[in-house]
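Along the sequence shown, the residues carry numbers beginning at 1.
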Amino acid sequence: MPYLKTYLNTIAERGNKKLAESILKTAEDVGNQYIKQFSFCSHEIGLLFGNVQSGKTGQMFGIICKAADLGFPAFVLLTTDNVVLQQQTLERVKADLEGFCICGENDSGLFIENRLMQPTIIVLKKNVRILRLWANVFASTGFMKGNPLFIVDDEADAASLNTLVNRGRQSSINRYLDSIKNGSSSSIYLQVTGTPQAVLLQTVQSGWHPYFTYYFAPGDSYLGGDFFFPKSEKADCISYLEEIEEPEKHVVLRHLAVSSQILAAGGSVCNCLIHPSVRQAVHSRYEHQINEALSWCRDNIDDAFRAELEKEYASLSPQKSEKADFDTIYSTAKDLLQNGNVKVLVMNGRNNITSDEYSSGSNIIIGGNTLGRGVTFPALQTIYYTRTSKKPQADTMWQHSRMFGYDRDPGMMQVYIDEPLYKLFSDINATNNSIISQIENGIEHIRVFYPEGLNPTRANVLDNQKVFLLSGGTNYYPFNPENDSIEALDRLLAPFDESEPSYQVNLRLMKEIFSHITSDEDFNIKSFVSVLDTMLAERPAAQGILIVRRGRDVAKGTGALLSPNDWRLGGSFTDQVVLTMYKVTGRKGWNGRELWVPNIKLPSNTVYYDVIDAEETEV
């Protein structure tokens, strides 16, 4: 049967024609570009990158169906180690995908009985016991020795990667995933995530660096990073905590106003999320403060509360419903308060909160790590974010941003956050956009960069012998450079003399200059060119600063290349790439000959991450 066509009909019949169109594009693109080219005698890794909470599950199902149409008989769909999430995913597979033999974690008998007569989908948690069990099932049946396996790893940057890479060992989950994929005759392992930093920084030698990367854009009604963290200025929906007195009371008033508007317009749910630190004691403190704010509202319901609610009402601009009159909003809010219909839910290891508890009504949810991957909050309109870390990680912070999604009303969104945290989120969004630009421009070796002090991911999954940092604001030059053609460099640099101290040039000229220079490993030219490619992917006409000096009688190996004046001149350009080209005389080293020596400085306060072996060993 045509599996993809059947699945798309199911989606369209539910009234989601736009979603069906999006899934079709992703499935056909990935199928035609990568799955059709698969040799069925190798093990390949791919990456499907989509924005957080932008509908990755539907895209994954579409790719599974396309792969089934192209001859794959067995699929493993991995979820994070969460019982509820695994069960929800299993039920969704059963509801959405026809014609497959669908197995849960305890259905090894069904798998054996089916004998791959129907394409089989096995939905598993990334749990050591479960993965060991199914590695043994695959090995003992022998089905996979003569068949290809298609693995779809949802949230692939969580738990799947080797957390013991710097100890020379392999973590258990990573080892069993290796065993499952390598136990088949061939495989495609599709990593799926909205935060691909850890995946992109894997080495090729590790076996977990993607051979291909595909990005799918979210739909029209999606509110994501660019809505909350635009490039130019602070978004209208952002309130800095530094400017607010009694923020907990302010958050409660806002939530009551928005809840009343949504419920009065016929909606069924409105959620508010408070995200402080991971400590349970802090959660309890916020719970107490929120309950105090609700008590204040009830105690002052006919006077001060009404006046404060009217201020919040004035700032509402609903786009998905007609704005109710204030008397209706006040009456609805009063009813919520007096009947105890505003639930305060604490989600952490001490409290077992299920999704049905915040799927209807007016709810304020407080929590820490449990608010991360896989947890979705319908109609989440108000966020109070205070989570901090001494060593913040970009992927963790982004995954905890439950504000993203499709069912939010942009005219009533409000995020309460301190200014430094807002700046961190803006920086993460800028890098996400850079990754997307690089993928869309077909750049194979995608680079990530962050401000100093913000780490891309947790250190224990990055090989510290292979992943290295290029620090912005630092001058880099090679100890043993070579020119493949000094004449070609002479011609390239001929228009630039010392009549001007510096020149503004296109970064593509810098790439051409570097194409004529080679160096030892101390100065990885490919890494610097990759950084230039990253910038050009975002801005095709990106500019930098070129400084050219000739006849320099510089001694080799003195520890510095630039003169004090040129060092200061280059340092004055803090937000641009500065390339200084010295033509040395060769009288003090340099093998006794003239030579062009580059010195490059990347934009300040930024760290660029690179993987040493990606270019050298990737095929």
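Within the 4.5 Å cutoff, the side chain of S22 has heavy atoms near those of the Q59 side chain. E308 places none of its side-chain heavy atoms less than 4.5 Å from the side chain of C297. Proximity of T26 to L48: side-chain heavy atoms (C-beta onward) are separated by under 4.5 Å at one or more points. Proximity of Q319 to M412: side-chain heavy atoms (C-beta onward) are nowhere separated by under 4.5 Å.
The aromatic rings of Y384 and Y286 lie perpendicular to each other, with more than 60° between the two planes, well past the 30° mark.
With respect to the salt-bridge test (charged N to carboxylate O, under 4.0 angstrom), the residues K126 and D153 qualify. We find that K25 and D29 are joined by a salt bridge, their nearest charged nitrogen and carboxylate oxygen being less than 4.0 Å apart. For the pair D610 and K466, the salt-bridge criterion is not met [side-chain N within less than 4.0 Å of a carboxylate O]. Using a cutoff of 4.0 Å between basic side-chain nitrogens and carboxylate oxygens, D533 and R447 are not scored as salt-bridged.
Remark: R254 fails to qualify as a cation-pi partner of Y416 under the 6.0 Å distance and 45° angle criteria applied to the six-membered ring.
Looking at Y406, its side chain does come within 3.5 Å of a backbone N or O of G219 through a donor-acceptor pair. Listed for the S426 side chain is a donor-acceptor partner under 3.5 Å among the backbone atoms of Y422.
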Can Y358 and F377 be said to form a ring-ring contact (aromatic ring centres under 6.0 Å, His included), step by step? CA-CA 7 Å; Y358 50 81; F377 298 96; 4.9 Å; yes

Could you go through the side chain to side chain donor-acceptor pair (under 3.5 Å) check for Q381 and R408 one step at a time? CA-CA 6 Å; Q381 293 290 152; R408 285 69 166 122; over 6 Å; no

Derivation and outcome, side chain to side chain donor-acceptor pair (under 3.5 Å), residues D407 and Y222: CA-CA 8 Å; D407 68 346; Y222 176 76; over 6 Å; no

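Side chain to side chain, T457 and D395 meet the donor-acceptor criterion of an N or O pair below 3.5 Å.
Listed by first and then second residue, the salt bridge (charged side-chain N to carboxylate O under 4.0 Å, His left out) pairs that reach into residues 352-368 come to none, sequence neighbours excluded.
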